[in-house]
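Have a look at the structure below, then the notes.
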Amino acid sequence: DGGRVGLRVDITQQKEQQAALEVARKEAEAANRAKSAFLANMSHEIRTPMNGVVGMAELLCDTALTEEQRLFADTIRSSGEALLVIINDILDYSKIEAERLTLHPEPFDLERLIHEVAMLLQPRARERGLDLMIDFDLFLPTRFVGDAGRLRQVLTNLVGNAVKFTEKGYVLIRIVGIETEPQQQQLHISVEDSGIGIPADQLDLVFGEFNQVEAEANRKFEGTGLGLAITKSLIERMGGSVWVDSEVGKGSCFGFRLVLPVAEEQTTRQTSVSL
Ligand code: ADP
């Protein structure tokens, strides 16, 4: 019966196509894993000698005989450090890609962590004449359980970007608690700035890897274009989600939602901290 043969040929073809697609998908995944492993190994191999260069340049700075020698050694140190930042970004990103990044949850003080990040970036904000402010929901518990190091990395990236892309005005870090349950807390953490903003058609792209808005004009801003891709992956690994809202010439607001277990042991809140 011709109809049935036709049908059988069709199904066989479909199966062959599916099998070919499956092979291609597996090959692409294997290639991607190989790329990530290569990047991770390379970054690791570069990082070790780079640490040596930076460390020795620091020693040279301290023991330099003349002002000129000190300046040379200091340039080696700061260039080395800049390179290490890039290498660490690539290492993190390739670990995330290869699904080799593990989180290390521990009890930590969220308010203190936010203040530490703000304090780290305060000199750069002051240099640019920006107000760096924190608005912390006073009804929140003080201690949570989470990967404090990775959260610090996320916040440093968001606040660092806000300072970098803001010429005048302010950067506001806001921490709001949404639902309070005895053991779990939903947090909304956002970083708002009065900076250059991002065009609407590029908003979806900024969390992608190696994406920089108007890359050419933006070259005056240093960066790898990996920070937000890492931020997004880290928050998603923690079970949260990221978002962004922006208007060109007015400013941007980057934020994330995250549910964190409340730590058993709580401390009393610091009532006022000056930056
Ligand atoms: P990098 O800052 O290293 O370029 P990111 O992934 O952190 O990489 O950011 C990607 C791009 O998103 C930046 O190059 C910039 O164009 C844009 N961007 C990020 N944060 C802001 C911000 N607060 N204001 C305006 N543009 C921003």
Side-chain angles (χ1 to χ4, degrees), residues 36 39 43 47 78-97 101 114 117-118 120-135 149-175 188-238 240-257:
S36 300
L39 278 177
S43 314
R47 194 159 63 160
S78 60
S79 307
E81 272 173 1
L83 197 54
L84 275 174
V85 168
I86 297 173
I87 291 165
N88 282 336
D89 266 5
I90 296 177
L91 191 59
D92 273 347
Y93 179 71
S94 49
K95 268 195 205 157
I96 290 168
E97 278 271 278
L101 187 126
I114 307 257
V117 171
L120 183 79
L121 290 155
Q122 175 67 6
R124 214 181 302 163
R126 192 176 299 141
E127 230 171 65
R128 316 197 61 177
L130 303 175
D131 280 331
L132 182 53
M133 300 172 288
I134 301 174
D135 181 2
R150 291 299 181 183
L151 265 179
R152 183 195 310 267
Q153 181 179 2
V154 163
L155 282 161
T156 307
N157 179 37
L158 294 183
V159 181
N161 274 351
V163 171
K164 181 158 77 167
F165 296 107
T166 303
E167 257 122 36
K168 63 172 192 291
Y170 68 92
V171 171
L172 171 63
I173 312 170
R174 184 178 279 137
I175 300 91
H188 277 206
I189 302 184
S190 62
V191 180
E192 183 185 314
D193 65 55
S194 59
I196 60 172
I198 301 163
D201 61 339
Q202 311 229 8
L203 267 185
D204 284 346
L205 304 175
V206 289
F207 286 108
E209 59 270 23
F210 302 112
N211 271 329
Q212 294 178 312
V213 176
E214 291 165 11
E216 283 307 307
N218 239 358
R219 286 329 307 170
K220 64 174 174 166
F221 300 106
E222 288 175 8
T224 54
L226 279 176
L228 287 176
I230 294 172
T231 289
K232 178 172 184 282
S233 302
L234 286 176
I235 291 297
E236 286 175 356
R237 278 296 297 277
M238 296 176 193
S241 58
V242 292
W243 51 267
V244 57
D245 195 10
S246 186
E247 202 178 316
V248 172
K250 274 192 84 177
S252 310
C253 189
F254 281 84
F256 58 89
R257 282 172 279 268

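Both counts, for ligands and for their atoms, begin at 1 and track the order of listing.
- With contacts defined as side-chain heavy-atom distances shorter than 4.5 Å, the pair I198/F165 does not qualify.
- Here CG of N157 is found 7.5 Å from CG of D89. Values are rounded to the nearest 0.5 Å.
- Residue-ligand proximity, N157 to ligand 1, at heavy-atom distances under 4.0 Å covers atoms 7 (O).
- Contact annotation: the side chain of E127 never approaches that of V163 to less than 4.5 Å [non-hydrogen atoms, C-beta and beyond].
- Taking 4.5 Å as the limit, some side-chain heavy atom of W243 sits within range of a side-chain heavy atom of C253.
- At a heavy-atom cutoff of 4.0 Å, ligand 1 is contacted by the side chain of D193 but not by its backbone.
- Residues F254 and N161 fail the side-chain proximity criterion, which asks for heavy atoms closer than 4.5 Å.
- Remark: among candidates G160, G225, A162, the nearest residue to atom 1 (P) of ligand 1 is G225, based on non-hydrogen atoms.
- A heavy-atom distance below 4.5 Å is found between the side chains of L234 and L101.
- Atoms of ligand 1 found under 4.0 Å from any heavy atom of L228, numbered from 1 in the order shown, are 5 (P), 6 (O), 7 (O), 9 (O), 10 (C), 12 (O), 19 (C).
- Contact annotation: Q202 has no heavy atom less than 4.0 Å from any atom of ligand 1.
- Within the structure, the closest approach of S252 to ligand 1 falls below 4.0 Å when heavy atoms are considered.
- The option from V159, V206, N161 that lies nearest to atom 12 (O) of ligand 1, judged by heavy atoms, is V206.
- Heavy atoms of V191 found under 4.0 angstrom from ligand 1: none, in either backbone or side chain.
- A salt bridge is defined here as a Lys NZ or Arg NE, NH1 or NH2 lying under 4.0 Å from an Asp or Glu carboxylate O, and K164 with D193 fails to meet this definition.
- Only side-chain heavy atoms of F254 come within less than 4.0 Å of ligand 1; its backbone N, CA, C and O stay farther off.
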